[in-house]
Amino acid sequence: MHPRSSAPAAVLGGPRRVVALLALLLLAAGLLAGPLTRTAHAEGTASKVVAAGNLAKDGTLKVTETITFDGSAPAQVTQKFETLQNLVGDRQYRTTVRDVTATAGGAAVTPQVSTEGRFTTATVATNGAPELVISYTVDGAVVTVPDGTALQWRMLQGLDVAVTSFQARVLIPGTFTYVRCTAGSPNSSTPCLSAAAGTEDATTPTFTDGPRGEGEVVAVDIGFPAGEVTANEQVEYRWTIGRAFSPDPLPLGIAIGLLVLGGLALWLAHRRRGADAAYSGEAARVGEFVPVGPGQSEFRVVDDVRPGHVGTVADERVDPIDVTATLVDLAVRGHLLITELPRTSAYGRPDWTLTRTGDGTGLRPFEQRLLEGIAPDGQAVRVSEIGGRVHAAIGGVQDALYDEVVANGWYARRPDVVRSRTTQLAFGVLIVAVVVTALLAAFTTFGLVGLALIILGLGLILVAQEMPARTAKGVALLQGLGALRSELTSHPTDQMPPGRAVEELSEVLPYAIVLGGTERWLDALVATDTDAAPDSEDLSWFHGPDDWHLRDLPDSLRNFTTTVSGTLFTR
């Protein structure tokens, strides 16, 4: 019985001995560590900070801060004052910390003070003294609140040492309405340990807190009735898009006024310099279908108005289609032969040759320049090779054509010159408007005024494209072009005199290319082909390959005009 009953006792005794041994070891460690803990102090810890503030009636706050070190003092203490506080919206308060002085162990020391961004930093040597006193003056700490003014300042802030105990008191010049205090991180809303004050005149609000870590704050907020303490807040404004382009009444009103007046000025400028002359007479005929027999008519050009003239008067520009139509017109009139070349393969690129014909009689100056530039005498020039020739000649062709529409009295001034000068002026205005907008947005709240100027600059660019103005004679011709366009799209195409249908229909084509209706007149030309034989040379102005038929003319001419116009566009 005894051996069996002694085994459990031994098993239970083992854990008890281990627990007892651990308890003895922990007790011994505590006894050894206790004296060391009580006598060892971390360097750079302030056992106590006492801040005494004196608030003047004009809002100036003077603070004396006494820092007592428990143990070895650090070689220097740095305090960073945050002097810029962001508010709701784009406002911010700016405070100024000045007249920073210090003593270490009662001996004066010179603080190193620097300001950078939103912080003023004071670095003070302790010289190993256990007590450091820092004094400074604050401007801008008294702000306006709904019921009066309030002192809002962090009595403890920005120290690079931890603080065990903090006390503060503020001498105020009169009565107060409330006393508050928060502590912790710079944006903390946690109340400090205590904030108290009496209710009699000249009471002294007091505050306590601690411990506080390095860089933590204790912020006091003391309210005053209106007129008790003068607000000396320094309100600044941060740059924001909303502020730069403020919709406040003044900038918004100026911007709207500029838009209204500027828009009126643009309209007047367009009416005075860009509107066509008033004209109420008859339209000037450009071309007409003249009856020559029962159910028959032929097309006649009036006053030698050529397709190049038509396009330039119609839209105030010499366009590629105007030049292409001029080439077709020169061919129809016998000054040029357009020859389509056989394709190298079924999917090969089409090409044509241009060959000068005739003696050049009856050519207008711009037509002469065009022929000399792209199709010299005695040479057959491929369309695929006229790119360089076009680049060299087209400028002279445009100049001659613009000069001619002025000489004919359709414009008082060259449309291209008027448009170019006005456009240059408009771009100059736009550049100035952009620069002014950037400056206004960067330094003021009147960015909307700059945007109004930019809108007016863009409007001037648009108006510049419409500034060329036709004379009364030009308006009469424009009305005639409208009448001819209507006829080209509606006049019967099967009324040409027998035997001359091909020639008469061909004369219509250059004007249809510019004004519209080309397809129906090409179809009429195709309808004149009544046999199955090839028609490679049936037209005097357009030849095709040996197996070419007149029914191929629509595709051939469409390809020709597209290719030539594209070459002119890419010059």
Side-chain angles (χ1 to χ4, degrees), residues 287 299 301 304-315 317-341 349-402 404-405 488 503 505-518 521-522 525 539-544 553-571:
F299 181 72
V301 176
D304 199 26
V305 179
R306 311 315 316 173
H309 297 143
V310 169
T312 306
V313 173
D315 61 8
R317 290 173 172 81
V318 178
D319 295 325
I321 194 64
D322 302 337
V323 178
T324 304
T326 297
L327 286 175
V328 175
D329 183 52
L330 289 170
V332 170
R333 288 158 54 198
H335 299 288
L336 187 70
L337 175 62
I338 304 171
T339 303
E340 183 170 354
L341 301 177
R349 178 182 178 182
D351 202 357
W352 303 262
T353 59
L354 304 176
T355 307
R356 289 279 294 274
T357 57
D359 57 4
T361 302
L363 290 177
R364 308 304 292 257
F366 74 94
E367 295 173 330
Q368 186 70 39
R369 288 196 179 189
L370 180 61
L371 286 177
E372 291 175 352
I374 66 174
D377 285 330
Q379 299 183 29
V381 180
R382 288 176 178 259
V383 168
S384 60
E385 298 173 352
I386 66 172
R389 296 177 183 272
V390 166
H391 295 173
I394 196 64
V397 174
Q398 290 176 319
D399 284 341
L401 191 46
Y402 282 128
E404 195 161 328
V405 296
L488 290 175
E503 291 78 6
L505 291 170
S506 296
E507 289 180 9
V508 177
L509 279 180
Y511 295 88
I513 291 174
V514 176
L515 296 175
T518 308
W521 296 101
L522 284 173
L525 268 171
L539 295 176
S540 62
W541 58 276
F542 191 101
H543 291 175
L553 179 62
D555 289 334
S556 294
L557 192 60
R558 189 182 302 113
N559 289 337
F560 176 78
T561 56
T562 300
T563 301
V564 174
S565 297
T567 301
L568 295 170
F569 265 120
T570 57
R571 71 185 183 92

Looking only at non-hydrogen atoms, find the nearest pair between [X] and [Y] and report the distance.
X: Trp352; Y: Ser556; result: CZ2-O, 3.8 Å
X: Val318; Y: Tyr402; result: N-OH, 3.1 Å
X: Val397; Y: Phe366; result: O-CB, 3.8 Å
X: Pro365; Y: Glu404; result: CD-OE1, 3.4 Å
X: Pro320; Y: Ser565; result: CB-O, 3.8 Å
X: Trp541; Y: Ala331; result: CB-O, 3.1 Å

Any side-chain heavy-atom pair of [X] and [Y] under 4.5 Å:
X: Leu553; Y: Leu539; answer: yes
X: Val328; Y: Phe560; answer: yes
X: Thr326; Y: Arg306; answer: no
X: Val313; Y: Val305; answer: no
X: Val310; Y: Leu515; answer: yes
X: Leu401; Y: His309; answer: yes

Taking atom [atom1] of [X] and atom [atom2] of [Y], what is their separation to the nearest 0.5 Å?
X: Ile338; Y: Leu354; atom1: CD1; atom2: CG; result: 6.5 Å
X: Thr355; Y: His335; atom1: OG1; atom2: NE2; result: 15.0 Å
X: Gln398; Y: Thr312; atom1: CD; atom2: OG1; result: 9.0 Å
X: Arg558; Y: Ile513; atom1: CZ; atom2: CD1; result: 11.5 Å
X: Leu557; Y: Leu525; atom1: CG; atom2: CG; result: 9.5 Å

Sidechain-backbone polar pair: [X] side chain, [Y] backbone, donor-acceptor under 3.5 Å:
X: Trp521; Y: Leu488; value: yes
X: Thr357; Y: Gly334; value: yes
X: Thr353; Y: Val381; value: no
X: Asp319; Y: Ile321; value: no
X: Asp351; Y: Leu341; value: no

Steps toward side chain to side chain contact (heavy atoms under 4.5 Å, CB included) verdict (Asn559, Glu340) = CA-CA 10 Å; Asn559 289 337; Glu340 183 170 354; 5.6 Å; no
Below 4.0 angstrom, N of the basic side chain to O of the carboxylate: do Glu367 and Arg333 qualify?
->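 Here Glu367 pairs with Arg333 in a salt bridge, since their nearest N and O are under 4.0 Å apart.
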Does Asp304 pair with Arg364 as a salt bridge, N-O distance under 4.0 Å?
->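 Between Arg364 and Asp304 there is a salt bridge, with a charged N closer than 4.0 Å to a carboxylate O.
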More than 12 heavy atoms from other groups under 6.0 Å of CZ on Arg356 =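 Yes - once you tally the heavy atoms of other residues, nucleotides and ligands closer than 6.0 Å, there are more than 12.
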Test Pro510 against every option in Leu327, Thr518, Leu330, Asp329 by the side-chain contact (heavy atoms from CB on, under 4.5 Å) rule and name the one that passes.
->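 Of all the options given, the one that passes is Asp329.
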Do Thr324 and Thr561 get their side chains close enough for a donor-acceptor pair, meaning under 3.5 Å?
->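 No - no donor-acceptor pair under 3.5 Å links their side chains.
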How far apart are the C-alpha atoms of Val332 and Leu509, what are their side-chain angles, what is the distance that settles it, and do they pass the side chain to side chain contact (heavy atoms under 4.5 Å, CB included) test?
-> CA-CA 9 Å; Val332 170; Leu509 279 180; 5.6 Å; no
